[in-house]
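Following: one structure in structure tokens, then a few remarks.
Below, each value reflects all heavy atoms present in this structure, side chains not excepted, and no hydrogens, waters or symmetry copies. Please read these numbers as outputs of a predicted model, since none were measured by experiment. The sequence lines fix the lettering, A, B, ..., with proteins before strands; numbering per chain opens at 1.
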Number of protein chains: 2
Amino acid sequence: MATLKELAKSLNVSISTVSKALNDAEDIGEETKRRVKELAETLDYKPNKFALGLKTKHSKSIGVILPDIQNPYFAEVLYGIEKAALEAGFDTLICVSNESYQQEVKSVRMLTENLVDGIIISIAKETLNLKDFQHLTNLKAKKIHLVQFDRVSPDLACDSVQIDDQESVKNATNQLIKSGKNKIALVSGLGSLNVAKNRIQGYKAALKENGISKNIKLLEVDGVDKTHVQFKNFIKQNTFDAVISIDNKSGIIFQNIMQHYFPERFKKVKIISFIHEKDALLTSPPLNFINQRGAEIGILSFNLLKQRITEKEKNKTIRKEKIIASINFQ
Amino acid sequence: MATLKELAKSLNVSISTVSKALNDAEDIGEETKRRVKELAETLDYKPNKFALGLKTKHSKSIGVILPDIQNPYFAEVLYGIEKAALEAGFDTLICVSNESYQQEVKSVRMLTENLVDGIIISIAKETLNLKDFQHLTNLKAKKIHLVQFDRVSPDLACDSVQIDDQESVKNATNQLIKSGKNKIALVSGLGSLNVAKNRIQGYKAALKENGISKNIKLLEVDGVDKTHVQFKNFIKQNTFDAVISIDNKSGIIFQNIMQHYFPERFKKVKIISFIHEKDALLTSPPLNFINQRGAEIGILSFNLLKQRITEKEKNKTIRKEKIIASINFQ
DNA sequence: CTGAAAGCGCTAACAA
DNA sequence: TTGTTAGCGCTTTCAG
């Protein structure tokens with residue numbers, strides 16, 4: 001790897017001249033700049049990140065902490081973040097908390113040691129339950145900016161991006177009602193997450209608006225892996241003409257179980273689910289879906305973070321972006 | 001963050017003494033070491049990575065390049081790698097190539113600039129087709145070690161870890177045959193990947209061994225997103241009593257389409273699929289699955305890499321690990 | 001056994 | 001307009 005020193009020697013100028021030329025300093029002659037930049041280009045000069053970090057105390061990189069990389073929604077958000085970060089010339093360090101508080105603390109620590117300029121996080125379930133956010137509030141003192149998405153804690157004073165869960169589910173429910181359904185069940189595999197509460201509220205609000213609150217039917221589980229029997233019993237014991245699934249798996253499972261055990265009843269049921277467009281094609285017929293717009297959320301999160309990183313004046317106003325999900329009936 | 005300088009001042013010794021004490025150098029008194037370490041502990045001293053990297057030219061970190069983070073198999077391998085790396089005190093930088101050659105080249109470059117000690121990669125489809133591995137062969141000159149997994153190119157002289165695809169599918173096929181099936185179809189969404197070729201070979205080998213080569217039935221597509229119609233036609237036009245899916249989606253889709261359009265025929269068909277245990281529960285009844293043992297592959301890959309990084313004598317022998325998949329009938 | 005000093009590659013006063 | 005220099009935090013050689 002070429003260094004400033006080598007460039008300087010080749011061009012018979014000083015190291016600082018080269019440095020300044022590459023950084024387009026005011027006080028360097030145009031001709032010199034041209035020569036320096038040309039040689040830098042041909043030698044494929046890249047500044048040494050370690051020297052830079054040591055000097056400047058920041059790294060032009062950001063950290064991302066995801067609760068679960070296996071969830072395609074998070075993977076999609078990550079895609080958006082990386083894309084935006086790459087374009088802006090930032091490296092991205094990715095950590096996965098696996099929903100664990102301890103792991104999240106470790107991740108924050110690792111990112112801090114790597115002098116990231118900011119962190120984008122969706123908080124782990126365990127952390128949310130513990131309500132212990134010290135590892136995150138500490139970041140302010142270290143001048144590391146923080147943006148939350150999706151799993152947003154109101155206790156944290158920082159920018160955030162999320163789907164308007166309540167409004168989105170209310171919309172979806174209303175659409176089902178308009179299409180003639182009035183016995184709508186809701187299935188959740190999200191446990192006690194706030195996200196779940198908001199989505200369920202949206203569902204209830206829609207039923208209430210339409211005067212069918214008595215038809216509320218909820219199936220709530222925490223994780224869907226071993227819940228086939230619960231699903232089957234729920235189907236057996238309840239009548240419904242539509243189902244809303246508010247996580248990324250229960251809709252698929254629900255449809256498949258129903259099709260398998262209750263094929264006749266299934267024909268009259270409309271299911272809509274919070275899943276990725278691609279996963280909607282895993283079932284036959286394909287599932288209707290609520291698009292969480294992960295990539296957009298990722299891009300938006302990065303842009304908020306970048307603004308904080310680059311703005312000189314501290315702007316105290318906290319930005320809370322809410323996106324409405326789009327709803328797709330197949 | 002505490003620095004050596006601060007420790008030195010507090011203890012009234014020189015910076016170099018502190019440095020040596022923390023690194024357990026031979027020539028420092030036991031008592032001094034104890035005092036230094038104690039203070040370092042209480043002040044939570046962590047060496048500055050940038051200073052270290054600048055000095056030593058390596059970073060105690062590794063890079064991982066995955067073709068697709070949305071594939072739960074890769075996510076699981078990543079989990080294994082991170083776990084092993086964390087225990088060994090290495091940071092992990094993760095890149096996603098999205099199956100793109102250009103992105104892969106960029107990722108290698110980024111990792112190189114970050115002075116990773118080694119890279120674990122599963123090569124992008126596009127790169128494999130282009131057969132252009134220069135960005136990877138270059139790594140040797142930079143003393144960055146390389147380990148491949150899963151998508152292994154024989155053109156690259158480096159350690160590798162993979163499922164024994166041929167043997168694994170042969171096993172699975174034989175088990176189906178033993179259970180009385182003899183019209184076994186194979187479905188692939190993997191396009192022209194080597195992995196697919198090997199798996200198909202295993203399937204053919206098993207049929208041949210059992211004298212039923214005439215029953216070969218293949219459905220090959222590249223990506224499964226918009227192939228419902230192809231799947232349906234295939235089912236309509238062929239008779240089979242079992243199906244092997246060699247990617248992480250086609251099995252699920254196949255079962256669901258069959259259950260939807262051909263429920264009677266479906267009852268007599270046994271399906272086995274290359275998917276994660278959790279995804280096996282997306283369908284009803286659950287899918288039989290071939291366990292690719294992603295976490296183990298991740299751990300093994302990291303351990304190979306770590307050996308290369310830490311060994312002083314260059315060992316020229318290339319290690320090619322092959323793991324046999326386990327097969328789970330539900 | 002301990003310390004002084006050089007240097008990794010870079011930036012940014014300050015001098016010329 | 002360009003160059004000199006100090007210093008970021010660390011390791012390591014060499015001197016004491």
Can you give one letter per nucleotide of nucleotides 7-12 of chain C, going 5' to 3': B for a protein heavy atom under 4.0 Å from the base, S for sugar-phosphate only, - for none?
-> BBBBBB

Distance in angstrom units between Asp24(A) CG and dT1(D) P, rounded | 13 Å

Do any N or O atoms from the side chain of Lys55(A) and from the backbone of Phe50(A) form a donor-acceptor pair under 3.5 angstrom?
-> no

Whole-Å distance separating the NE2 atom of His58(A) from the P atom of dC8(D) = 17 Å

To the nearest angstrom, the CD1-C1' distance between Ile28(B) and dT12(D) comes to 12 Å

Is the CD atom of Glu31(A) crowded by more than 12 outside heavy atoms at less than 6.0 Å?
-> yes

How many Å lie between CG on Asn12(B) and P on dA4(C), as a whole number?
-> 12 Å

Side-chain N or O of Thr17(A) less than 4.0 angstrom from OP1 or OP2 on dT2(D)?
-> no

Rounding to a whole Å, what distance do you find between Leu11(A):CG and dT1(D):P?
-> 18 Å

In whole angstrom, what separates Asp27(B)'s CG from dT12(D)'s C1'?
-> 11 Å

Atom-pair distance (CD on Glu6(B); C1' on dG7(D)), nearest Å = 15 Å

Gln103(A)-Ser97(A) side chain donor-acceptor pair, cut-off 3.5 Å = no

Gap between atoms CZ and C1', on Arg34(A) and dT1(D) respectively (whole Å) = 17 Å

Return the set of residues passing salt bridge (Lys or Arg N to Asp or Glu O under 4.0 Å) with Glu296(A) (not counting sequence neighbours), or none when no residue passes.
-> Arg293(A)

NZ/NE/NH1/NH2 to OD/OE distance under 4.0 Å, Asp44(B) and Arg109(A) | yes

Which class fits the ring pair His135(B) and Tyr101(B): parallel under 30°, tilted 30 to 60°, perpendicular over 60°?
-> perpendicular

